[in-house]
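Here's the structure we're looking at; comments come further down.
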Amino acid sequence: MMRTHTCGELRASDAGAQAVVCGWVETVRDHGGVLFVDVRDHTGMVQVVAHPEEAPDAFAVAEKARAEYVLRVHGEVRPRPDGTVNPDLPTGEVEIGVAGIEILARSEPLPFQLDESVVTDEGLRLRYRPLDLRRPRLQHTLRLRARVTAAARAALEAEGFVEVETPTLIRSTPEGARDFVVPSRLSPGEWYALPQSPQLYKQLLMVAGVDRYFQFARCWRDEDLRADRQPEFTQLDLEASFAEEEDVLTWVEAAVAAAFAAAGRGWEIELPLPRMAWQEAIDAYGSDKPDLRAGPAIVDISRVFAATEFNAFASTLEAGGAVRAWRLPRGGDRTRSQLDALVERAQELGAKGLVWMVVEEDGSLRSPVVKFLTEAEQDGIKTALEAEPGDLVLLAADLARLASHVLGQLRVELAAPRGHGADSGVAALWVVDFPLFEEGGDGGPAPAHHPFTHPNVEDLDRLESDPLSVRSRSYDLVANGLELGSGSVRIHTADVQERVFRILGLSEEDIHSRFGFLLDAFRYGVPPHAGFAVGWDRLVMILADEASIREVIAFPKTQTGADPLSGAPAALDAGQLGEVGVMLTPETTVRLTELEERRGRPHG
RNA sequence: GGUCCUGUAGAACAGCCUGGAGUGUUCGCCGCCCUGUCAAGGCGGAGGUCGCGGGUUCAAAUCCCGUCAGGACCGCCA
């Protein structure tokens, strides 16, 4: 038996027991005579004491111990002497009196300290990720992730969902994000793509009669990275037959609520989640993923200025724009230069300008523009925003959508809790009634979600005449300003699907080459179906209270898509390229040669 | 493709604005001392391509240009 106990489990009640523990050396405190070693595993830490008189051989071994050596220690669990109990440690009432120590593995001095108090460079952390992962915070996150995943899986299985794996080497369907591609050796010159989501396959599973499908699916998108975006990521993907919006929302709520409960943060969410129409989100939060934690909503106060003499507002309103405002509670203590910086930021975001107002103790407004406003207008602002003394009010006069966008962005930047330790709880909601189409790059309609999203039945008669006004039967799950997932009721009738394809301007040939195998399958009895996908990394990110998705992925990639640990991506040798019939362009060869020179090692 | 921040000893930083000898702090590492610490303590020591390349200058960690790497963001992400 390698061990009888884990390091973190020993308590006063274990006193008197013989214990064998294994773990890494956290610290060694050598007093010349008595010597303490803190031994750590994923459960915690226990103090081991070595006395030269009690066990001279073990003491000699203990003296050699250094940070991160791997030890196996045996001895008696005993209460610590009076006055030496450590209340900061769960095991702090006891210690192990050493009878014997084995050094199972030595460790070189670490490239960085595991101490949580210093923030290590991310490149270095990823280069030595196994060490980084030894830190309690990351150990905790890995286990949190496993726990919430298991809970969500159980919740869906309880509803009769069946876990099915779908392929990762699939045909490229040139829509949406850029595909990662994989060359084929058996068919040189032909390529697989890695799925951006299992979308088509899960719909095929509905045709197959699986009825309720789910999968924790790895997905790949070859796009630039962000704090909440990795090129490979995990979705909790689900699809159900004979199901509509309410069914899907209920199941997703159950899975997500189970996950939140399993996280054990006391952040259980109240069901059902609130719902907000897409248009309201855009108007009142300037975003289709509103962060409900970031203070009050944006208010349209155009009516207050219907007859204003303040030129900037009057001309905007005349031109069909709007005046919108947002209030930052207790934000009025900002300095003039901080307020000027806000104006600059607003202009960066595309606003013509930004008006700030501070509500003084006597209720009056302090602002560079207040002299242009009537008493009634000033009162109108305060009333509409429910402004209190000490508040900061920001006004933007612009095209309505731009005004909301700018104020919404400032709202998040000024008032949203951010990052590890914010412990801000969770504010989740559904955003519904998305438009079916948005304006595409070529000016024509493009799918806002994907081309199989069912139009809102009430809007069907406007599909051809006014496509951009048609709402869809899709829904987004939003939490803390992050898009946590999206889904829709799918089109399952050929005539609606054809009308949508026609509006998207897809030719028969396009349709056949991109989605032919799905539509073929639909010819043989497709049940009405609907589904959803939850961005699982992001969900864990919220539960772990982390500001970066990299913190919840065991082996993430840097912003340039590199893995400093393995050195991926890396050049292939000519033989491997030849097997798949791939030849590098001259420019690419030059790039690799330069890389090789810089790194001073061969690339093949 | 673009904007911004960062890069100085094994780690985290200060120094840079306002050029003047690789100067400093904390941690780690090595040696010695130390019998109840828990971020142990005391004394001593080693450790540097100031990311890289170029330019300006009598003189560059410091100013300028380029480049690489890490990060934040815009574009992109049906």
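None of these values were measured; they are calculated from a predicted model. Sequence lines set the chain letters: A, B, ... in the order given, protein chains first and strands last, and positions in each chain run from 1.
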Please check the phosphate of B:rG70 (OP1 and OP2 only) for any side-chain N or O of A:T560 closer than 4.0 Å.
yes
Would you call the rings of A:F517 and A:Y201 parallel, tilted or perpendicular, taking 30° and 60° as the class edges?
tilted
Base partner of B:rA11, which must satisfy Watson-Crick or wobble distances under 3.5 Å
B:rU26
Give a yes/no verdict on base stacking between B:rA40 and A:H31: centres under 5.5 Å, planes within less than 30° of parallel.
yes
Under 4.0 Å, heavy atoms only, any strand: does A:P81 hit a base, just the sugar-phosphate, or nothing?
base
Once you round it to whole Å, what is the distance between P of B:rG70 and CZ of A:R226?
16 Å
Base-pairing mate for B:rC76 - Watson-Crick or G-U, with both contacts under 3.5 Å
none
Mind checking if A:E95 touches a base, just sugar-phosphate, or nothing, with heavy atoms under 4.0 Å?
base
Any non-hydrogen side-chain atom of A:D222 less than 4.5 Å from a side-chain atom of A:P231?
no
Need the pair for B:rA59. Rule: Watson-Crick or G-U wobble, both distances under 3.5 Å, any strand; none if unpaired.
none
Using 4.0 Å as the upper bound for N to carboxylate O, is an ion pair formed by A:R550 and A:E122?
yes
P gap between B:rA9 and B:rG22, integer Å:
16 Å
Strictly below 4.0 Å: does A:R29 bring a side-chain N or O up to OP1 or OP2 of B:rA40?
yes
Taking B:rG45 as the reference, what is the distance to B:rG51 when you measure between their P atoms (whole Å, please)?
28 Å
Starting the side chain at C-beta, find the nucleotide from B:rG28, B:rG75, B:rG71 nearest to A:T558.
B:rG71
Sugar-phosphate, base or nothing in reach of A:D224, heavy atoms under 4.0 Å
base
Sorted by position of nearest nucleotide on RNA chain B, 5' first, the leading residue of A:R178 and A:Q113 is A:Q113
To the nearest angstrom, how far is A:L110 atom CG from B:rG28 atom C1'?
9 Å
Considering only side-chain heavy atoms of A:P109, which listed nucleotide, B:rC29, B:rA11, B:rC38, is closest?
B:rC29
Please give the distance between the P atoms of B:rC29 and B:rG71 as a whole number of Å.
28 Å
Across all strands, who's sitting opposite B:rG48 as a Watson-Crick or G-U wobble pair, both distances under 3.5 Å?
none
Nucleotide of B:rC30, B:rC73, B:rC77 approaching A:A227 most closely (side-chain heavy atoms):
B:rC73
Of all the choices, B:rG36, B:rC30, B:rC77, which nucleotide is nearest to the side chain of A:R66 once you look at every atom?
B:rC30
Would you please confirm or rule out a distance under 4.0 Å between OP1 or OP2 of B:rC76 and any side-chain N or O of A:R221?
no
Quantified in whole Å, what is the P atom distance between nucleotide B:rC65 and nucleotide B:rA46?
40 Å
Nucleotide paired to B:rC16 in any strand shown, Watson-Crick or G-U, under 3.5 Å:
none
A:R226/A:D228 salt bridge by N-O under 4.0 Å criterion
no
Protein-nucleotide distance (A:Q47, atom CD; B:rA40, atom C1'), rounded to Å
11 Å
Could you check which of B:rC38, B:rC76, B:rG31 has an atom nearest any side-chain atom of A:D38?
B:rC38
Taking B:rC16 as the reference, what is the distance to B:rU6 when you measure between their P atoms (whole Å, please)?
13 Å
Quick one: do A:R11 and A:D14 make a salt bridge, cutoff under 4.0 Å?
no
May I ask you to verify if any side-chain N or O of A:S548 is less than 4.0 angstrom from the OP1 or OP2 atom of B:rG71?
no
Checking the side chain of A:D563 only, and the main-chain atoms of A:A568 only, is there a donor and an acceptor separated by less than 3.5 Å?
no
Check every strand shown and say whether A:D30 touches a base, only sugar-phosphate, or nothing at a heavy-atom separation below 4.0 Å.
base
Under 4.0 Å, heavy atoms only, any strand: does A:L124 hit a base, just the sugar-phosphate, or nothing?
sugar-phosphate
Output yes when at least one side-chain N/O atom of A:R550 is less than 4.0 Å from OP1 or OP2 of B:rA72, else no.
yes
Taking only the P atom of each, what is the distance from B:rA61 to B:rU8 in whole angstrom?
15 Å
Whom does B:rA69 pair with, Watson-Crick or G-U wobble, provided both distances fall under 3.5 Å?
B:rU6
Is B:rU37 paired to anything, Watson-Crick or G-U wobble with both distances less than 3.5 Å, and if yes, which nucleotide?
none
Using atom P in both nucleotides, what's the gap between B:rC64 and B:rG20 to the nearest angstrom?
15 Å
Any base atoms under 4.0 Å from A:S197, or only sugar-phosphate, or nothing? Heavy atoms, all strands.
base
Selection from B:rG36, B:rG75, B:rG28 that lies nearest to any side-chain heavy atom of A:R78:
B:rG36
Using a strict threshold of under 4.0 Å (side-chain N to carboxylate O), is an ion pair present between A:E464 and A:R499?
yes
Taking the basic N atoms (NZ, or NE/NH1/NH2) and the acidic carboxylate oxygens, is any pair closer than 4.0 Å for A:D224 and A:R229?
no
Identify whether any heavy atom of A:R80 sits under 4.0 Å from a base atom; if not, whether one sits that close to sugar-phosphate; answer base, sugar-phosphate or nothing.
base
If only side-chain N and O atoms of A:R127 are considered, is one of them under 4.0 Å from the OP1 or OP2 phosphate oxygen of B:rA69?
no
Does A:Q559 put a side-chain nitrogen or oxygen below 4.0 Å from OP1 or OP2 of B:rA72?
yes
By nearest heavy atom, map A:V34 and A:P111 onto RNA chain B; which one lands nearer the 5' end?
A:P111
